[in-house]
**Q** 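I'd like to ask some things about the structure below.
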Amino acid sequence: MKKKEWIIVLVIAAFSLIALGVMRMMPKKNAEYDPSVLPDKDPQGIWVAVVNRNRVILYFDSGVDAEYEVDGNIGHMTIEVADGRWHVKDVECYDYTCKNMGWVDESAILPIICLPNDIVIIDAETAANMIAEVTDGN
C-alpha cells in the first residue's frame, strides 16, 4: 500500500474509535427502566413475560391496558393488553399463527408462540421456570 492509502486507513480507524468512545459515554435512553427485569411492585393483574431466545425481553402487567412493541428474529411484533387479556395485534412474519391465536388470559393453557420470531408470551412464573431449565441444561 502507498503512503496515502495508509493515512486514509489510519484516519478512518481513528474516527471509528472516537465514535465508539463517544457512543459509550452517552447516557442510555430511559436507563432507569429495564424491561427485562421483573418489576418489584405488585401488578394489577399478573406479570406476563415476552421471551425471545431464552431471555425475557419485556415484562408487562396484564391489568394495565396498553400496547407493547418488541422485535423478534425476523420482524416486529405489537402486543395489545386490555381487560386482563392480551393478544398479538400485529406481527411481521410469514406465519401469523401467533396473531390467529386470539386473546388469552392467565387461565390460558397454551402460551402465545411465534416460531419465526422465536417469541413466547407467557406468565412470568412459567417463563422463569422455563428459562431456568434451559440454562441449567435440563
Side-chain angles (χ1 to χ4, degrees):
M1 285 179 37
K2 297 179 182 178
K3 185 176 180 180
K4 285 184 180 182
E5 292 171 342
W6 275 108
I7 292 173
I8 291 171
V9 169
L10 290 175
V11 168
I12 291 172
F15 276 131
S16 298
L17 289 174
I18 291 170
L20 285 173
V22 169
M23 287 173 44
R24 285 184 175 259
M25 290 190 298
M26 292 176 68
K28 291 183 179 177
K29 187 176 181 181
N30 206 5
E32 68 277 357
Y33 173 69
D34 184 358
S36 68
V37 176
L38 182 63
D40 55 3
K41 65 179 185 170
D42 291 330
Q44 294 177 13
I46 64 165
W47 289 115
V48 180
V50 180
V51 181
N52 176 255
R53 294 185 175 195
N54 295 320
R55 66 180 179 86
V56 177
I57 58 173
L58 174 71
Y59 284 104
F60 63 84
D61 183 350
S62 68
V64 177
D65 295 354
E67 282 190 10
Y68 302 95
E69 296 183 4
V70 295
D71 290 318
N73 292 351
I74 62 167
H76 202 67
M77 176 183 282
T78 303
I79 303 163
E80 181 180 17
V81 182
D83 302 324
R85 304 178 315 154
W86 54 92
H87 76 121
V88 175
K89 183 177 180 179
D90 192 30
V91 64
E92 292 177 354
C93 77
Y94 51 83
D95 192 323
Y96 296 103
T97 301
C98 57
K99 186 175 179 180
N100 294 333
M101 290 183 76
W103 291 88
V104 298
D105 59 15
E106 62 183 287
S107 66
I109 296 172
L110 295 174
I112 295 177
I113 300 172
C114 181
L115 289 178
N117 277 312
D118 196 11
I119 290 180
V120 178
I121 305 171
I122 195 165
D123 68 276
E125 184 178 339
T126 305
N129 292 335
M130 179 178 72
I131 292 170
E133 286 182 16
V134 169
T135 56
D136 290 344
N138 293 331

**Q** Please evaluate residues Met101 and Val88 with respect to the criterion side chain to side chain contact (heavy atoms under 4.5 Å, CB included), reporting the C-alpha separation (whole Å), side-chain torsions for both, the decisive distance (0.1 Å), and the verdict.
**A** CA-CA 8 Å; Met101 290 183 76; Val88 175; over 6 Å; no
**Q** I would like to know whether Cys114 and Val91 meet side chain to side chain contact (heavy atoms under 4.5 Å, CB included); could you show each step before the answer?
**A** CA-CA 9 Å; Cys114 181; Val91 64; 4.2 Å; yes
**Q** Give, for atom CG of Asn54 and atom CG of Asp118, the distance between the pair rounded to the nearest 0.5 Å.
**A**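 One gets 7.0 Å once the value is rounded to the nearest 0.5 Å.
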**Q** Quick check: closest heavy atoms across Gly102 and Ile112, and the distance to 0.1 Å?
**A**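 It is O-CD1, 4.2 Å.
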**Q** More than 12 heavy atoms of other residues, nucleotides or ligands under 6.0 Å from CG of Asp42: is that the case?
**A**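 Count not over threshold, so no.
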**Q** Working to the nearest 0.5 angstrom, can you tell me the gap between Ile79 CD1 and Lys89 NZ?
**A**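 Rounded to the nearest 0.5 Å, the CD1-NZ separation comes to 12.5 Å.
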**Q** If you take all heavy atoms of Gln44 and Asp61, which pair is closest and at what distance?
**A**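 Smallest heavy-atom distance, with atoms named: N-OD2, 2.8 Å.
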**Q** Does the side chain of Ile131 reach to within under 4.5 Å of the side chain of Arg55, using non-hydrogen atoms?
**A**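 Not in contact.
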**Q** Where is the tightest heavy-atom contact between Ile74 and Pro116, given as atom of each residue plus distance?
**A**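 Shortest heavy-atom contact: CD1-CB, 3.6 Å.
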**Q** Counting neighbours of CD on Glu67 that are heavy atoms of other residues, nucleotides or ligands and sit closer than 6.0 Å, is the number greater than 12?
**A**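 Check passes, neighbour count above 12.
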**Q** Work out which heavy atom in Pro111 is nearest to a heavy atom in Val120; give both atom names and the distance.
**A**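 Heavy-atom minimum between the residues: CB-CG1, 4.0 Å.
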**Q** According to a 4.5 Å side-chain heavy-atom criterion applied to Ile, Leu, Val, Met, Phe, Trp and Tyr, with indirect links allowed, do Trp103 and Ile113 form part of one hydrophobic cluster?
**A**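 They do not share one cluster, since no chain of ILVMFWY contacts under 4.5 Å joins Trp103 to Ile113.
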**Q** What pair of heavy atoms forms the shortest contact from Ala127 to Ile122, and how long is it?
**A**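 Answer, listing the atom of Ala127 first, then Ile122: CB-CG2, 3.6 Å.
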**Q** Thr97 vs Leu115, test: side chain to side chain contact (heavy atoms under 4.5 Å, CB included). Steps then yes/no.
**A** CA-CA 9 Å; Thr97 301; Leu115 289 178; over 6 Å; no
**Q** Can you list the steps and then say if Val48 with Ile121 is a side chain to side chain contact (heavy atoms under 4.5 Å, CB included)?
**A** CA-CA 7 Å; Val48 180; Ile121 305 171; 3.7 Å; yes
**Q** What pair of heavy atoms forms the shortest contact from Asn52 to Gly72, and how long is it?
**A**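 Closest approach of Asn52 to Gly72, heavy atoms only: ND2-CA, 4.0 Å.
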**Q** Tell me whether Tyr96 shares a hydrophobic cluster with Val104, the cluster being built from Ile, Leu, Val, Met, Phe, Trp, Tyr side chains joined at under 4.5 Å.
**A**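 Shared cluster, yes.
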**Q** Taking atom CE of Met77 and atom CD of Glu69, what is their separation to the nearest 0.5 Å?
**A**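 Output value for this atom pair is 11.5 Å.
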**Q** Could you state the interatomic distance from OH (Tyr59) to CG (Asp123), rounded to the nearest 0.5 Å?
**A**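 One gets 10.5 Å once the value is rounded to the nearest 0.5 Å.
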**Q** Between Asn117 (side chain only) and Asp71 (backbone N and O only), is there a donor and an acceptor less than 3.5 Å apart?
**A**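 Absent.
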**Q** Assign the ring pair Trp86 / Phe60 to parallel, tilted or perpendicular, where the plane angle (0 to 90°) is split at 30° and 60°.
**A**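 Perpendicular, since the angle between the ring planes exceeds 60°.
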**Q** Just wondering, do Arg53 and Asn73 contact through their side chains at under 4.5 Å, heavy atoms?
**A**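 In short, these two side chains touch, coming nearer than 4.5 Å.
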